[in-house]
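Here the structure is laid out as structure tokens; the discussion comes afterwards.
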Amino acid sequence: MADAPHLVLWGVGTSRTVRAHWALAELGLTYETRAIGPRTGETKTAEYTRLNPRQKVPLLQDGDFSIGESAAIVAYLSRTYSTPERALIPEAQRDYAAWLEWCFFIVTELDSTSLYVMRRHGAMGLGSIYGIAPEVVAKAGEYFREQLRHVEVALSDGREFLMGERFTSADILLTTCLDWAIAYGVGICDNAQPYLARMQARPAYQQGKIANQPPAPSEPVVGPTARST
Ligand SMILES: N[C@@H](CCC(=O)N[C@@H](CS)C(=O)NCC(=O)O)C(=O)O
């Protein structure tokens, strides 16, 4: 029998890291978590930079193999560890192509071009680093809504999952973007609401959310050594 895999997932606390935690739960895999977070300095250590020169989370180690990019991690896990009962990628050639299309669309249009632009340039997000730009944030929100039309059309036939009858990793990517959009006050289309509720009800979604929680901050120092600033 093959040895059990030694999986280590780096990263917690973001809408990208939760994708990997959720996929690991869907596939029933055991893994270790290195609970590092963005903008804590933890992605910039020499040890982590050797693993991921991009200094980003999430990153998965599988033995001596490492892979970054949340969508790629989820796809790798499914290709490597799926079983007939638990698979996140369709096999048939055209279904596979359609799955790829959804994954690229979600990570490029909904995530990077819309929601992440809002995060980068919002006063509550990373605006202090990348520049506060209210007009850009508003336009990115509008763009998200426009692009979401493709999802609205797909879901209009009452399908359970984005690709029809089978849950795939595209559902993981889309759900995390819908959660993110709601958190940013960008409305989502009406038929995405029951879809989102179905995804959030999945036990693996809930396990992934718990695993993605950052560790509680350590107790504040009290007494004579405490600093008040
Ligand atoms: N496209 C990448 C984005 C990864 C990314 O930007 N991660 C952010 C957190 S969401 C990060 O690690 N930032 C590093 C830092 O700011 O320290 C993915 O989906 O994995």
Side-chain angles (χ1 to χ4, degrees), residues 7-27 31 33-62 65-80 88-89 99-132 136-137 140 143-144 147 162 168-184 186 199 205 208-215 217:
L7 298 170
V8 178
L9 180 63
W10 294 74
V12 291
T14 83
S15 51
R16 274 73 171 265
T17 54
V18 72
R19 295 168 181 165
H21 289 286
W22 181 2
L24 284 154
E26 289 284 351
L27 294 167
Y31 64 103
T33 300
R34 301 280 184 269
I36 66 170
R39 281 163 305 284
T40 55
E42 294 163 320
T43 59
K44 306 232 178 329
T45 63
E47 181 196 9
Y48 191 70
T49 304
R50 264 194 303 279
L51 286 174
N52 186 358
R54 295 194 294 263
Q55 301 181 319
K56 297 267 189 175
V57 285
L59 179 92
L60 178 79
Q61 287 180 284
D62 182 356
F65 176 69
S66 298
I67 181 162
E69 286 297 323
S70 53
I73 293 171
V74 169
Y76 168 77
L77 285 168
S78 187
R79 266 304 286 271
T80 314
L88 307 177
I89 305 178
W99 166 81
L100 261 187
E101 181 186 19
W102 276 120
C103 292
F104 281 121
F105 165 71
I106 296 164
V107 295
T108 58
E109 301 296 344
L110 300 184
D111 176 323
S112 311
T113 310
S114 309
L115 298 167
Y116 190 54
V117 168
M118 295 180 75
R119 175 150 178 74
R120 265 175 103 88
H121 297 293
M124 303 294 287
L126 307 178
S128 58
I129 303 170
Y130 296 110
I132 294 174
V136 170
V137 170
Y143 185 75
F144 178 88
Q147 290 296 301
L162 189 55
T168 70
S169 72
D171 292 298
I172 294 181
L173 303 180
L174 178 61
T175 300
T176 55
C177 286
L178 295 174
D179 278 341
W180 189 358
I182 289 169
Y184 273 20
V186 182
M199 296 306 115
Y205 169 92
K209 289 284 270 193
I210 291 167
N212 190 49
Q213 273 166 16

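The structure presented is a predicted model; accordingly, all values stated were derived computationally and were not measured. Just so you know, ligand 1 is whichever comes first in the structure, and atom 1 is the first atom listed for that ligand. Values below: all heavy atoms of this structure, side chains included; hydrogens, waters and symmetry mates excluded.
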Exercise. Going by the atom numbers of ligand 1, which of them fall below 4.0 Å from some non-hydrogen atom of R39?
Worked result: 15 (C), 16 (O), 17 (O)
Problem set entry | Any side-chain donor near an acceptor of the partner, E26 and Y205, under 3.5 Å | no
For this session: Go through the steps to decide whether R54 and E69 satisfy the test side-chain contact (heavy atoms from CB on, under 4.5 Å), and finish with yes or no.
Result: CA-CA 10 Å; R54 295 194 294 263; E69 286 297 323; 3.7 Å; yes
Exercise. Is the F144-Y184 ring centre distance short of 6.0 angstrom?
Worked result: no
Exercise. Has the side chain of D179 got a donor or acceptor atom that lies under 3.5 Å from a matching backbone atom of S15?
Worked result: no
Exercise. In terms of residue, atom name and distance, what is the protein heavy atom nearest to atom 11 (C) of ligand 1?
Worked result: K56 CD, 3.5 Å
For this session: Run the numbers for me: atoms of ligand 1, each under 4.0 Å from some heavy atom of S70, listed by number.
Result: 18 (C), 19 (O), 20 (O)
Seminar exercise, completed: For atom 2 (C) of ligand 1, the closest protein heavy atom turns out to be E69 OE1, 3.3 Å
Problem set entry | Numbered atoms and elements of ligand 1 in range of T14, under 4.0 angstrom, heavy atoms | 9 (C), 10 (S)
Exercise. Which residue, S66, P58, S169, forms the side-chain contact (heavy atoms from CB on, under 4.5 Å) with I73?
Worked result: P58
Exercise. When only distance counts, is Y116 in polar contact with ligand 1, meaning an N/O pair under 3.5 Å?
Worked result: no
For this session: Please could you name the atoms of ligand 1 that Q55 approaches to less than 4.0 Å, counting only its heavy atoms?
Result: 14 (C)
Exercise. So, H121 side chain and G127 main chain: donor-acceptor pair closer than 3.5 Å or not?
Worked result: no
For this session: Please say whether the positively charged group of R34, taken as NZ for Lys or CZ for Arg, lies over the ring of Y48, i.e. under 6.0 angstrom from the six-membered ring centre and within 45 degrees of the axis.
Result: no
Problem set entry | Per-atom contacts of ligand 1 with P38, taking only distances under 4.0 Å to non-hydrogen atoms | 9 (C), 11 (C), 13 (N), 14 (C), 15 (C), 16 (O), 17 (O)
Exercise. Among protein heavy atoms, which sits nearest to atom 7 (N) of ligand 1, and what does the distance come to when rounded to 0.1 Å?
Worked result: V57 O, 2.9 Å
